[in-house]
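All values derive from a computational prediction rather than experimental measurement. In what follows, residues are counted from 1 in the order of the sequence shown.
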Amino acid sequence: MKSRLALACAAGGLSLLAALPASFMALAQTAPASDMSTLKPAASFSSIADQKARSVALFEEASKVIEHPRCLNCHPAGDRPLQTMTMHPHQPPVTRGDGGMGVPGMMCNTCHGADNATVVGQSPTLKSIPGNPAWHLAPIEMAWVGKSLGEICQQLKDPARNGGRDLSKIVEHMSHDSLVGWGWNPGEGREPAPGTQAEFGELIKAWVDTGAACPAG
């Protein structure tokens, strides 16, 4: 809205702004940005008549989760997981190892148990240690960090880079896998992924049902 007003002013002078109703100006100044902490329901995209455009829009909404640090931290481009909302390298310095489980002497399960563990009296910034029975780093062929949304989308559809899954198994994985679900239950002191796993799964299912189209780029 602001960029369009700026172009109009440059072309026609300030008289355009003077002619706009005060209520319109107030709306332009106070319109909220897209809420990145929630997910729109899949059904809300049904008004997009073009199926490919609807499919892309669904995936872009799902990207609020896919590109959130809760997910990206476990899909790094290198051999070290990332941590926190700033996505800095994991401390202590661990590496991928076989199966993404770390290396002898510093395996993932050395610190990460089957459940989140509350930490008391250690640090004001460390309130819990993440946990899940399947805690591990995503395989390097599933790396998302540094890729465009379109590239991640194409990767998700490629069985050679998604763990050998067809699209129906991708829907199942995103909707019900417990390690994916950890993103919405990350333990005290961490921001959860937007929305809920059920909402995310419905977006992914609707994306697949509409042709699994990918954003450009």
*Mind checking whether Glu141 and Asp158 have side chains closer than 4.5 Å, heavy atoms only?*
no
*Decide whether Val56 and Phe45 are clustered together by the hydrophobic rule: side chain heavy atoms of Ile, Leu, Val, Met, Phe, Trp, Tyr closer than 4.5 Å, transitively.*
no
*Quick one: are Asn73 and Met87 in side-chain contact, heavy atoms under 4.5 Å?*
yes
_Euclidean distance, Glu67 CD relative to Lys147 NZ, rounded to 0.5 Å_ = 12.5 Å
*Check Val208 against Leu167 and note the closest heavy-atom contact, atom names and distance.*
CG1-CB, 3.9 Å
*asked:* Tell me every residue that passes side-chain contact (heavy atoms from CB on, under 4.5 Å) with Pro81, counting only those two or more places apart in sequence or in another chain.
replied: His90, Val94, Leu137
_Between Ile204 and Ile170, does the side-chain contact (heavy atoms from CB on, under 4.5 Å) criterion hold? Intermediate values first, please._
CA-CA 8 Å; Ile204 295 296; Ile170 287 292; 4.2 Å; yes
_To check you understand the geometry: which heavy-atom pair defines the closest contact between Cys108 and Gly102, and what is its length?_
SG-N, 4.0 Å
*Short question: side chain of Asn116, backbone of Gly131 - any donor-acceptor pair under 3.5 Å?*
yes
_Interatomic spacing from CG in Asn132 to CG in Asn185 - rounded to 0.5 Å_ = 9.5 Å
_Check for me, please, whether Leu156 and Val145 land in the same ILVMFWY cluster - side-chain distances under 4.5 Å, paths through other members count._
yes
_Expected output: side-chain Glu61 to main-chain Ala42 donor-acceptor under 3.5 Å_ = no
*In Å, rounded to the nearest 0.5 Å, how long is the span from CD of Glu60 to CD1 of Ile66?*
11.0 Å
*Does Gly78 offer a backbone N or O that forms a donor-acceptor pair with the side chain of Arg96 under 3.5 Å?*
yes
*Could you tell me whether a side-chain N or O of Lys157 sits under 3.5 Å from a main-chain N or O of Ala212, the two making a donor and an acceptor?*
yes
*Is it true that Trp207 and Val65 fall in one hydrophobic cluster, defined by side-chain heavy atoms closer than 4.5 Å?*
yes
*For residues Phe59 and Ala213, report the shortest heavy-atom separation together with the two atoms involved.*
CB-O, 4.4 Å
*CD of Glu172 to CG of Asp166: how many Å apart, nearest 0.5 Å?*
11.0 Å
*Does Trp135 share a hydrophobic cluster with Val180, counting links as ILVMFWY side-chain heavy atoms below 4.5 Å and allowing steps through other members?*
no
*asked:* For a quick test of reading the model, state the closest non-hydrogen atom pair linking Ile129 to Arg190 and the distance between them.
replied: CA-NH2, 4.0 Å
*asked:* Is the shortest side-chain heavy-atom distance between Arg80 and Gln91 below 4.5 Å?
replied: yes
_Atom pair OG/CD1 of Ser63 and Ile152 - distance to nearest 0.5 Å_ = 8.5 Å
*asked:* Strictly distance-based, threshold 3.5 Å: is any side-chain N or O of Arg70 a donor or acceptor partner for the main-chain N or O of Ala193?
replied: no
_Flag, side chain of Gln197 to backbone of Ser178, donor-acceptor distance under 3.5 Å_ = no
*What's the shortest heavy-atom distance between Thr196 and Leu39, and which atoms?*
O-CD1, 4.1 Å
*Check whether any side-chain N or O of Ser128 sits under 3.5 Å from a backbone N or O of Ala117 as a donor-acceptor pair, and report yes or no.*
no
_Euclidean distance, Lys169 NZ relative to Asp177 CG, rounded to 0.5 Å_ = 13.5 Å
*Is the closest side-chain heavy-atom distance between Met106 and Pro92 below 4.5 Å?*
yes
*What is the ring orientation for Trp184 with Phe200, classed by angle as parallel under 30°, tilted 30 to 60°, or perpendicular over 60°?*
tilted
_Check: Asn162 main-chain N/O paired with Arg165 side-chain donor or acceptor under 3.5 Å_ = yes
_For Lys52, is there any backbone N or O sitting under 3.5 Å from a side-chain donor or acceptor partner on Ser55?_
no
*Keeping the roles fixed (side chain from His136, backbone from Met101), state whether a donor-acceptor pair exists under 3.5 Å.*
no
*Closest approach of His68 to Lys64 (non-hydrogen atoms, all atoms of both residues)*: CB-O, 3.3 Å
*For the hydrophobic clusters of this structure (ILVMFWY residues joined by side-chain heavy atoms under 4.5 Å, transitively), does one cluster hold both Trp182 and Leu82?*
no
